[in-house]
Number of protein chains: 2
Amino acid sequence: ANPETARLARERQSQLTKPAGALGDLEELSVRLAGVLGSEKPAPHGVAVLVAAGDHGVARSGVSAYPPEVTPAMVANFLADTPAGAGGAAVNAIARTVGAKVYVMDAGVNADLPDHPRLTRAAVRRGTRNLQQEAAMTPEETEALILAGAALAGRAIAEGADFLVAGEMGIGNTTPAAAITARLLGADPAEVTGRGTGVDDERLAHKVQVIREALGRTPTTDPLEVLAEFGGFEIAAMLGMMLQAAAQRKVVILDGFVEGSAALVGVALVPHLRDYLFAAGECAERGHAAQLRSLGLKPMFNLGLRLGEGTGGVLAAPLLLSAAATLREMRTFEEAGVPDA
Amino acid sequence: ANPETARLARERQSQLTKPAGALGDLEELSVRLAGVLGSEKPAPHGVAVLVAAGDHGVARSGVSAYPPEVTPAMVANFLADTPAGAGGAAVNAIARTVGAKVYVMDAGVNADLPDHPRLTRAAVRRGTRNLQQEAAMTPEETEALILAGAALAGRAIAEGADFLVAGEMGIGNTTPAAAITARLLGADPAEVTGRGTGVDDERLAHKVQVIREALGRTPTTDPLEVLAEFGGFEIAAMLGMMLQAAAQRKVVILDGFVEGSAALVGVALVPHLRDYLFAAGECAERGHAAQLRSLGLKPMFNLGLRLGEGTGGVLAAPLLLSAAATLREMRTFEEAGVPDA
């Protein structure tokens, strides 16, 4: 991020026609956007949500309320022709509302997905290995998905995106996200493991035990090793998306808990990635608040979302576009001839 | 609001392709929208923000950090031609970003405002009387502004608005808002009086004392008498906007503390107005949280806004449009062939 344009933006915010600080958190967000986008009058336009889908060997350990067949069915739902347009899932409906483009990636779904012009194929394996017993991914598989995520982000940027939301779908994927989070934050799994799609108390206790066993397999804290051991294909892809966005000085809007685990790996690898991350909402999944604290990010809303797909990130886009618009389009006291305090 | 369409919407939300409850507060918001708009697949489009400006006799009592000359200067700013389009204030920049129309009303500004095609003239007096010493408005003046607000809301609806944000500008107007709030909630003024545009501790104590003296003039709790005694022209206009929107079964997005005082008067007059109110953010002004508790509304975000102008309400519009879109555009588990839990 550019400290000079951020400095100029901070100065400009103090001169705009409003009491100092009256735009609350939008002011600091606008200054951060000015730094990322390299202009004290940032003019972001395109919003893209990149939904990576993958399956998880650990789903066989009974960690989710839903069967793994939901993953390919939801990919089909993201792509379906509907009366309202392409896609019948929440992320599609919300993206149409705020004018965001949806990209869908097969990052490693355990099914024969039919060809579709809007589906990016990046799978190297049908679902990960069961992280309870062995490394979920090989280093080569992990790298392949990071690169695929980066490539899709590059394409979205080439097609006009200034804001990128990394989104995900994958039955069982709050388990790898919690394992990564526990290891990288040095937290007990019970503190950062939530109910995902909605497991009951008994299954939650089992999920924590599965994660505990996984973490017991290896003491590694190397970020890429942690990702390969405990991660998932869509998490690796989201990491690649975030790194690519930052490399091209674009904004990453961080959605929920699974995205947060990719961000933790990213910031452990490249600390200044954090400058490019903007937290959408605090999601209802246990452990998300701890991720945001570690990343030093303040969420914009708390609507109790826990869906994933990038839904929260897309919802946050108009707030960030508005923050940028205040810097770009508001007049100063001097320009407007308004008496200052 | 229509309980049958709300019931159908609640049923539909439970069948959409997502874990039950995973869209958090958006689900209940979508059900309320279905009730107001009379369809289990609500299709709101137009968003209008109606900014009423007025001056306040009590500003002469030294309750604000800014001089009263700011009110007409900001009206000019709302209307100004700028490189980005019409209006150089925060509400203009945010409204352009989210696609909302801005309407500006002179509800009683203490200045010769030049004619402007986008300025609705509704002033019956140049600023209110000083509520510290006498009734701010006569009953006739109060009624005139309620009707003018209703008329402008009717026009915005005729021009396509499904969501209405009542916004305001008026140096000194957190003082009448706090006085109304204290009386209608039966609260001590110190509990519901904040810093407005940013007064220091000493001036805040003085502001509380001014409100205490005003409240001491009369024990009335009749909503319209409370409005006339302690209110302001733009507060009366916003009340009219809200009542008109509800009468036409449109959505009112509630912005900040001054708007909240108009809503308290409205709900005291017509309790079912509450069904049409949707709280945007919790604003930073002390007393706003107490208003929302009394209205039974949960805010969508907490960005620390304290600007007014309807800025928070406009920011919330995409969240509500998105909530409606989930009901209207998402497929059910059955439609999508996705296995349910």
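Computed from a predicted model, the values in this text were never measured in an experiment.
Comparing A/Glu285, A/Lys298, A/Met74, A/Glu69 by heavy-atom pairs within less than 4.5 Å of chain B, the highest count is held by A/Met74. When each of B/Ala73, B/Gly99, B/Ala76, B/Pro72 is scored by its heavy-atom pairs under 4.5 Å with chain A, the top score falls to B/Ala73. For the options B/Leu315, B/Thr332, B/Leu321, heavy-atom pairs under 4.5 Å to chain A are most numerous at B/Leu315. Top candidate by heavy-atom pairs under 4.5 Å with chain A, chosen from B/Val70, B/Thr197, B/Asn77, is B/Asn77. When each of B/Leu303, B/Thr97, B/Thr326 is scored by its heavy-atom pairs under 4.5 Å with chain A, the top score falls to B/Leu303. Comparing A/Ala324, A/Ala93, A/Gly198 by how many heavy-atom pairs each has under 4.5 Å with chain B, the most go to A/Ala93. When the candidates A/Ser64, A/Ala336, A/Gly88 are compared by the number of heavy-atom contacts under 4.5 Å with chain B, A/Gly88 comes out ahead.
Between A/Leu119 and A/Asp106, some side-chain heavy-atom pair lies under the 4.5 Å cut-off. Between B/Glu168 and B/Asn173 the shortest side-chain heavy-atom distance falls below 4.5 Å. B/Pro44 is not listed as a side-chain neighbour of B/Leu320, based on a closest heavy-atom distance of 4.5 Å or more. In this structure the side chain of B/Glu27 never reaches within 4.5 angstrom of the side chain of B/Val31, judged on heavy atoms.
Residue-level contacts of residues 15-24 of chain A with chain B, in order of numbering, are A/Thr17, A/Lys18, A/Pro19, A/Ala20, A/Gly21, A/Ala22, A/Leu23, A/Gly24; threshold 4.5 Å between heavy atoms.
One distance of note links NE2 of A/His206 with CG of A/Asp200; it measures 11.0 Å at 0.5 Å rounding. Here CG of B/Asn92 is found 7.0 Å from CZ of B/Phe78. Values are rounded to the nearest 0.5 Å.
Both the backbone and the side chain of A/Val338 have a heavy atom closer than 4.5 Å to some heavy atom of chain B. For A/Ala90, the parts lying under 4.5 angstrom from a heavy atom of chain B are both the backbone and the side chain.
Environment of CZ in A/Arg203: crowded, with over 12 heavy atoms of neighbouring residues, nucleotides or ligands closer than 6.0 Å.
A/Arg328 and A/Glu40 are not joined by a salt bridge, as no carboxylate oxygen comes within less than 4.0 angstrom of a charged side-chain nitrogen. We find that B/Arg195 and B/Asp201 are joined by a salt bridge, their nearest charged nitrogen and carboxylate oxygen being less than 4.0 Å apart. Ion pair A/Asp25/A/Arg32 not flagged as a salt bridge, since none of the NZ, NE, NH1 or NH2 atoms sits closer than 4.0 Å to an Asp/Glu carboxylate oxygen.
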